[in-house]
Amino acid sequence: MNSAAFASSGLKDPRKINFERNWVRRAVLASYWVVIVLAFPFWWHLTSIERLALPTSQVRTQVQNNIVFPITVHFDGSFTHQNPSIVSQVHTLLRDSATSEHERWKGIDLRLRGADDEEAFDSYTVVLGERTSIAHSRQLRVSETDAQSAKRLSCLLSDLIANSESSISHSQRIVQYSDHYRLAFTLLHENATPRRFVETWDVQNALAEFVLPLLSKLSVLHNFTVESQVQYHAPLAFEPKRIFLGETEVSGLTQEDLTVFINSAEWTLSSSVSNDPVLHFVLFVPSETHAPLKIIDGEGRPTSQNSFLLPQWGGIFILNDELDSPSSHLSQDKLEPVFRNFAIQLAALLGVPPVPLGLSVGERPILSDWQLDALLRRRALQNVQGTQDTLYSIVKLVDQIDNMPVGQVVRDDILDALASLHEAYRAAATSPAIALRWSSKALSVASRAFFNPGMLALLYFPAEHKYAVYTPLFASISVPLVVALIREFMA
Amino acid sequence: MDEGTVLPVLVCFRLLLAVLPLPGQHILKHDHQINSPLTSYLRLKEGLWMLDNNVDPYMGGSFHHSPLLLSVFSTILPPIPIIWAVSDAVGAWALLRIWRARQGLSLHRATTSTAESLIVSAYILNPYLLFPSLALSTSTFENSFTLLTLMFASEGKPSSALLAIAFTINLSPYSILLLLPILMLLVTSPASQLASPRPFHGSINRIASLFGEFMLYWLVLVGAACIIADGSWSWMKASWGASLTLPDLTPNPGLWWYFFTEMFDHFRPFFLMVFSVHLVIYILPVCIKFQHDPLYAAFLLIGVLGTFKAYLTLADPGLFLSMISLFPEVHGYLRHPIVTTLLHLHAALLLPLQHILWVSEGRGNANFYYAASLVMGMAGGAGLVDACWAGMRIALGDVKVESEGKGQVARWEVARWEVAQE
Amino acid sequence: MLLIPIPLLSQGTYIDENALQPAQVNTYWNWGDVHTADLHMYQLDGIVDRNLTSEQRAEFFRMEFSKLGLAASTQNYTFTTSKGTISGNNAYAVMSSPRAAGTEAMVISASWLSTAGHGALNVRGISTVLSLAAFLKDYSLWAKDIIFVISDDYLHGMHAWLNAYHGTIPSNLHTDPLEHISGVIWTALNIDYSGHSFSHLGVFHEGLNGRLPNQDLINSFRFISHYTGGLPMTVYDHLEPADLVDRWSEWSVLPSWTPAFIRRSPQLQQYEYRARNVVRHIGYQARGMCSGVHGLFHQFRIDAITIFAVPAKGPHGFHALGKIVESTLRTMNNLLERLHASFFFYILTSPGTFLKIGMFLPSAILVSVAMLFKGLGEWVDAGWVREVSEVSLKGTGSLEKEPKTKDTWRNRRRPMLSVLITMVATHVLGVLVFNLLCSRRFDENRSFFVPAILAAVSMIPPALLPLLPKNTPEVAPSSVLLKSSNLCLASTVISIMSLLNFSLAAMLALTMGVPLATSSRSSSMTTSLLRYAAYCILAWGWLVLLPEEVESAIWNWEVLGVWFAPFVCIVYAPLVMQAGIVCLQGSS
Amino acid sequence: MLRASVWISLAYLLTPSLSLENYKEDLRVQPLRDGRVSTAFSFVTVLDGVVPRNPTALEQPDESQHYALFPLTLGQILREYAITELHLTLNAGKWNYDDWGHPLEASVRTGAELWAWMGASEVTTVDERWSGLRNALSGLFCASLGSLDSRRTTSPVVAFPLSGSTPPFAQHELRHASLPSENVCTENLTPFLKLLPCKSRAGLAALLNPQKVFDADWHGMGVHVIWKEGTGVELKLTLQAVFNPARSSAGKRRDWSLQSLFDRSIERSCPVASSSSVSVVLPEEVNYQITPQIAHVEGSAIYDLSSSSNSTIPSNIAMHWPSEHSFQYPMPPLQPLTPLSVKRTLHGTTQTRGVLSVSITNNSPQEISAGYLEIIPALLTLWMHTLEVETNSEIRSDLLSDLKYQPPSRQPNGHLSPSMVQAVLTIPPKSTLKISVEVNKAFLKYTEHPPDAMRGWELPGAVFFPLPQSANNISSSYDWEMIYTPTLLVDLPTPDFSMPYNVIILSCTLMTLIFGSFFNLLTRKWVVVEIKE
């Protein structure tokens, strides 16, 4: 309406009022928007999920390449004297086997050297001896007869270097690799009665005598903590069946019984304190009613063996000999068979490859370097594969779930794992032991990253939820702001 | 009755209330409507006790008052009811002085008009202000200091005004909202310009220098506080941080507590930010729009605080309502005064009753009290919008008498203006 | 409001808390225990005959409890009221349950006097409690402590005990702190069995100040009494029409001349039955009175009911009661949390049906909203009315804009001021009257005070009116403003009361709704004076008309802290008075 | 370097830790005056010459542990976290000091209580090991000890001192926490029994029959590991139960026998127990009979059950009162059996505040000075300035001396630690002392409430403990033991748990409503529209 009208109705013309000036209104609008814009960074900072970029490409590359242990076997001059072509024959045979069974030879780069080549350090040597045997160091003595057949030689070498995992049971009973094991030795009475129970046992000396040498050999791979306890009442979960041998009555354990032998409900063997894997070695003293307790074979005949091994769990030795004196004490010599047996079981559980048939072990009976190296290589290989799988799955997971937070810790762990893998690859050339250390570190770090609790924080936080929280405020606040802005630009 | 005697009479009445042993005082001290964790007398006493038994008061998470209060009450004067009464009296007196300054009357006039006695009684008899002060909540001091600040500002005493606002901000950080209008007020006049708006004519440089002076005072006070809290900065997080991070979810008439009781943890910090920013966002627009009358701008911002601040107590809207009496010229232009009044009436009755239903009798649940606090929020908002509307509407003046036949039309226009947009 | 009792509106009750599992246990209470109960009853009869003092009685009960090896004690208390002092002795015992931390407790109580009134003694109820104590302590399945209380007199005994237990001892009560304390009490049962035997178990549930127990308690009790005890529950002592087909005629309020088919019609009987329940409920709740000893528990957030054995010829006795109480205790024992799931606001129209708050609240809210709009209308009119006078001055016929707006912003405040003063004055008057009523002097010679007060309150306003500023033509007449604000205030009060105490709100709506709305000035002095007189009667008439009500209300206020008396004096009467003043002002 | 570490570890394996182990068990039975029977088992295993692990050497491999009697599972936990002293008790019920006197094993706090002394070390901090210990123990005993987190942990060194001797290495710190709401039942007893050398198959432990033990009026078990200089590490497993024959028996008689109490009997003794005995405390009155008859010394009959002793194992030990037909409860007034009797209540019915009041009565003829310890979770705020001490209705602030108050402090994980009040009370003879302090109840976020929010939160009981005999109270040689008060229930105000989205919507709507209208007022133009009719 025109100014005349304003004059007539005593109202002032709004357009003439100061706060109705355009610049005032625009300033007001601007001041609103300024504050809002200034607030945006806070918004971003306060609601963003920390999600660091993972070294995806590195992971993918690392997953591709593989660890390789170069192995050189040096044939002594004496071979080439009598049979010059033997080396090449063995070589061809081995290469064939490598191609045929790829898994077995994975990660092994085998080279054979003749006499004329100079002898490389820490390479394996094959020499002629009076009988086929393993010398203490990385040396294989071969008798005249064996030396003649390239086939025999190649078998020996392949068994020693990359021993076949043909026997499934063998591969299954091996425990998962770990940097540190607890070995728990338990003297277990089924039911201690004054007439039949062992109060004390000379466990420490027995350990030092029979188990420690093995441990010291294996200490390249693992650290061990040894502990022992005595349990006086550990009933069986089942009733062993009675069998009669002539007039004497014994109770027997069938193969099925062996699988359910451990009564974990009643026996307090496992320790909840640390997450290092525990290997149990149980010396089981059957009660009066059950003694002697024999292991019986398929057709129900008691066998002479009174020890058995539970895959990935430990070993059990059943003590059947008479305990005469009331408060008896198991001396070291009484414990000798038990602990020798435990040592063997331990080696088996840790995956120490058996000595190939027809090989007599030299003067160092515990564990030869051949076996040790093979074990190192296999473990390292497994670790590397494990690490690669873990890393790959992490990367895939993070790619799939897009509001999964990735903290600094996770990222560092993954980088650390990659670095260690790299180290492992490098070290493989020189020393399998060091390669193993690196690989184990890589594996532990990778799995730590994988199980990082921080990654699960907002897993169940769908986007709809977010909208439901935001819209009530912002939809309704932003409408007038935006509209006013638009109108300003229109005008 | 004689108008001149109103102030003294009321002050005496207030002092009487202070000295008499009132029955319900213990209940008042615990009441959530009139003490927030930031202002409750119990916590002040607790802090003093801790100070005496040399425990760090700010460690416990139960004490949020400013170290200045702590030092004052621990050394100079004991926390006795008289002080609150005096502070009320000071507030009323300051309100009176502001009124006079605004009306351009001489400051030391013996006789007072009806309007002035109304103003005084509107402050001292306002239940929203009386009960907190009877409950010895420190919000009384905050209010009196705010009024003192405005008084000095409108009387053109920069240093004292700036010192006062610095002190107020130290007591309750939210008063920072009032800083800008007060600076503007200092460089212009308090006289009412609502009817005839004009551009801001004060010098910007002066504002800058004044701001510098304020910063000086403020830093000094902060330093003093740090010294009192033996050199540690923990008090700042405990007292100022409390109003930003809302560590204590004690219910109050405000909008924050239930919102953040029910908020998902992941969004908590974000919405805390939003609520705080929402308070700040009002400063500039109000100051720009009412650049011609900074006192009115301050009044509106006090209204904003009285509606939206964290740890709201009835004292905050109370100050706003009492200050309405400063601006008689706008009363005619209020849009829905009766609605606002009824809303406040309902809120004032509902809040304590629902609180009892929920907390004491256990018949109702938290939603009852939440609903009451929503009503309170509506009342505050309605008052705010009314005041803002009236403050601008007055500039348009009225329809003349002579305009025959148009009167009714014009009357309708008045009623239509809020929808009369482009 | 008349619709409330209609069966269609109310819905069936159900149990909301899953933990309760009522009537799913098999009870152990057997005839042997009934025998012990009988023995106790004989002893009590002996006590009644020897009419021992209250101390001796309490001491006896305490010894009885101690013989059972329970931690028993007595409590002596004294109330000082304007009518002298009331004192008595309670006996109580705490059975601390095995293996429980003693953090929670249940209460079984019986008062010496019965709800039935006329000084009926609750002998059987007390002997039930004693025998239950002997019976319950032999079971280890209690997860909560059980407290047995035998409270003196009817109400104040339990009131004193509860206050002492919760440490909230009012100034007019003198008692020592309790010797034995258990944990938090969630639920309580009060047993009232005064007759010889009973046919129904009645439930009383209204508490002080209109508070009701959680409905789960009532529902599960009904469930149990039906399935475990095999006898029906009723509300209060009202028997359902079905239970007394033959005797319904003497219960019915319908006069005998009404044709038989009407009196026989089941719908009508059903309606009448429910109506009587509702009326009784409102009667209790509106006055804030509790319908039994249980009502005292509610203020401490304890859900409690009174189990009232409706006196009858037969067939039930201790056996049924014991079984039901035991089973109810087992149900309460199952509670893991305080009762919170079911309703707190409801009207029990019949044992099996109730009314949600949503159903009955509108009836009161509507009235208050109507009043609110009337008030707003008056407010708006205030402008117009004076407009006319304005115009007449100027001699122009059309409606004027300008003076009105001016006046509104200049003049509306001043009359509002006087109006506010008037309203505040009336309320202050109310406070004064209330203090007078509570004073000892009033009690001594009430014959003088009652008319005096009445005269004073009715005379003061006319006397003071001239002090108020006269209605100048260009000012809105203060009577109109007073009326509008009066209506607004009244509506606010009603709408808020309706949530706290529906019955009271309903009563207010009835008494204030129409009168306040119709209060207006009249031209002639006489009519307005008559109106004013009518309002005075409406406001203060109860002083003379129902003195015993006044007395009980004041007693309730002083001893039990019931808000009814102060509310009437300070809120209700002044509001009506204001309406009266409206009439006066108009005429002056 | 690799090799070196290997050899170090091997050296550790080789070190023989010669530990002579020794196992004792005994059972004490005491008839109480209210017809109940209190029984206390204790099984003690001593590792001679073993020293707790030094926490500063935590990263080196530990010496290997070889146990014959000591439970390996517990030993591993102790070594892993280098615990010097450990006390864990799981009790159900409220110990009635007035009628039962002091318990035979002092720690009878309702629910779970755990405290441990650990050497400080920078390898892993005490708090890290404390949380590890909690989790390990909760795994071992199937108890929810994991929730004894920083919200419940304090270190009240005065009330819970080292009961053994302090090892020379690092200086030691205490961590203490209690969980009143833990209820104890069979799944806690089973692992407990597994720690015994003879399980529950031989010896006294054979009596422990869950059905009966958990039907008792009160029962509790405890694990105490202390280190004594010279002796070595001592593990003491205790189990107490208070039976009520008058309740369970038909004739309401108080006669009892092991058979009737436990519904089991001891067939054979535990072969490895060096001593094993049952001792019955004989009541003052004379009209009882005890079988089998035995020469008893200073008011208690002792039966030797150990296998070494050639005496045959008594199949059943019984005590009965032939003279009385059914048990007559003693009539009040009864003098409490303990010098102090304590009542503690939380007054006030609103959900926002209350008054915590404790009244201590000194029944003894001479003045007793007692230590007083309150550990209040942060859900309650104590108003210490309202603390009042009064005896026979007069304020006596002098009776409460060296008060230490530690307000709740915010932990790194954002939780508030409990507040702790520690004071020394002097209670005049034959009089009652009342302490009262106002409290406020916290308002929690809706996520912080437990699923049964309407029930409330348990408040752990206060502790009264005799002060170490110092110069001032030599006179009060009146010996008494630690007293726990029963737990209390605090009901906190609860929000509505179904509301989050509604609240967001409602509040935001209101805010935007006001914001929007204000914004429009400020930004939109005023126009005068003329309406022609």
Side-chain angles (χ1 to χ4, degrees), chain C residues 17 19 59 62-63 65-74 93-94 96-105 134 136-141 143-145 162-169 176-186 214 297-302 335-341, chain D residues 34-36 91-94 96 98-99 110-111 180-181 183-185 214-219 242-244 246-248 252 327-334 343-351 354-355 357 359 432 434 436 451-456 458-459 461 486-491 494:
Chain C
E17 172 69 57
E59 190 54 33
R62 176 188 176 205
M63 292 315 285
F65 283 127
S66 316
K67 281 185 200 149
L68 304 171
L70 301 177
S73 175
T74 64
V94 177
S96 57
S97 60
R99 298 186 308 281
T103 52
E104 303 132 46
L136 295 175
K137 77 170 183 41
D138 289 341
Y139 293 90
S140 71
L141 42 79
K144 300 174 170 51
D145 291 3
L162 280 169
N163 276 308
Y165 189 91
H166 292 97
T168 58
I169 295 179
D176 303 335
L178 296 185
E179 195 179 338
H180 306 290
I181 293 272
S182 178
V184 180
I185 305 175
W186 282 352
N214 190 307
F297 287 87
H298 297 167
Q299 56 190 325
F300 302 100
R301 302 180 54 220
I302 304 169
L335 271 183
L336 300 174
E337 308 182 55
R338 203 181 276 276
L339 279 172
H340 65 285
Chain D
D34 62 356
R36 295 182 167 82
N91 300 323
K94 171 173 66 176
N96 181 350
D98 288 356
D99 286 339
T110 310
S181 56
N183 53 359
V184 186
C185 50
F214 291 116
D215 187 47
D217 279 6
W218 189 97
H219 62 79
V242 176
F243 294 93
N244 188 354
R247 166 160 64 82
S248 44
K252 299 202 173 6
F327 174 57
Q328 299 302 322
Y329 286 95
M331 281 292 114
L334 291 171
K343 272 208 296 292
R344 177 161 168 269
T345 49
L346 185 64
H347 286 315
T349 55
T350 76
Q351 289 164 292
V355 177
S357 70
S359 71
T432 300
K434 278 200 183 59
S436 73
D452 56 351
M454 298 303 289
R455 177 170 194 277
E458 264 100 352
L459 194 64
T487 61
L488 299 172
L489 198 63
V490 190
D491 52 350
T494 55

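Within every chain, numbering begins at 1; the chains are lettered A, B, ... in the order of the sequence lines, protein sequences first and strands thereafter.
- Chain C forms the most heavy-atom pairs under 4.5 Å with one residue out of D:D215, D:N183, D:N91, and that residue is D:D215.
- Judged by distance alone, with hydrogens and angles left aside, the side-chain atoms of C:R99 form a donor-acceptor pair with the main-chain N or O of D:A216 at under 3.5 Å.
- Summarising the geometry, atom CE belonging to D:M454 is positioned 9.0 Å from atom CG belonging to C:L339; distances are rounded to the nearest 0.5 Å.
- Of the two parts of C:D145, only the side chain, counted from C-beta on, holds a non-hydrogen atom closer than 4.5 Å to a non-hydrogen atom of chain D.
- At a threshold of 4.5 Å between non-hydrogen side-chain atoms, the residues D:K343 and C:P177 do not count as touching.
- Within the 4.5 angstrom heavy-atom criterion, only backbone atoms of D:F214 (N, CA, C, O) approach chain C.
- The two residues C:S96 and D:K94 have their closest heavy-atom pair at CB-NZ, 4.1 Å.
- At a 4.5 Å heavy-atom cutoff, the contact between D:T110 and chain C is made by side-chain atoms alone.
- Residues C:E337 and D:P451 approach most closely at OE2-O, 4.4 Å, considering heavy atoms.
- Considering CG of C:N163 and OG1 of D:T349, their distance stands at 9.5 Å, rounded to 0.5 Å.
- Within the 4.5 angstrom heavy-atom criterion, no atom of C:I185 approaches chain D.
- Contact of D:D98 with chain C is not made at all, since no heavy-atom distance falls under 4.5 Å.
- Counting only heavy atoms from C-beta outward, the side chains of D:T494 and C:H340 never approach each other to under 4.5 Å.
- The structure places CG of D:D452 at 13.0 Å from CZ of C:R338, a figure rounded to the nearest 0.5 Å.
- Neither the backbone nor the side chain of D:D34 comes within contact range of chain C, judged by heavy atoms closer than 4.5 Å.
- When heavy atoms are compared at a cutoff of 4.5 Å, C:R301 approaches chain D solely by way of its side chain, counted from C-beta outward.
- With a 4.5 Å cut-off on non-hydrogen atoms, C:A100 touches chain D through its backbone but not through its side chain.
- When heavy atoms are compared at a cutoff of 4.5 Å, C:L335 does not approach chain D at all.
- Once rounded to the nearest 0.5 Å, the distance linking OG1 of C:T168 with NE2 of D:H347 reads 9.0 Å.
- Smallest separation of non-hydrogen atoms from D:R247 and C:D138: CG-O, 3.6 Å.
- For C:S140, the parts lying under 4.5 angstrom from a heavy atom of chain D are both the backbone and the side chain.
- Minimum interatomic distance between D:L489 and C:W186 (heavy atoms only, all atoms of both residues): CD2-CZ2, 3.8 Å.
- D:M331 is listed as a side-chain neighbour of C:K67, based on a closest heavy-atom distance under 4.5 Å.
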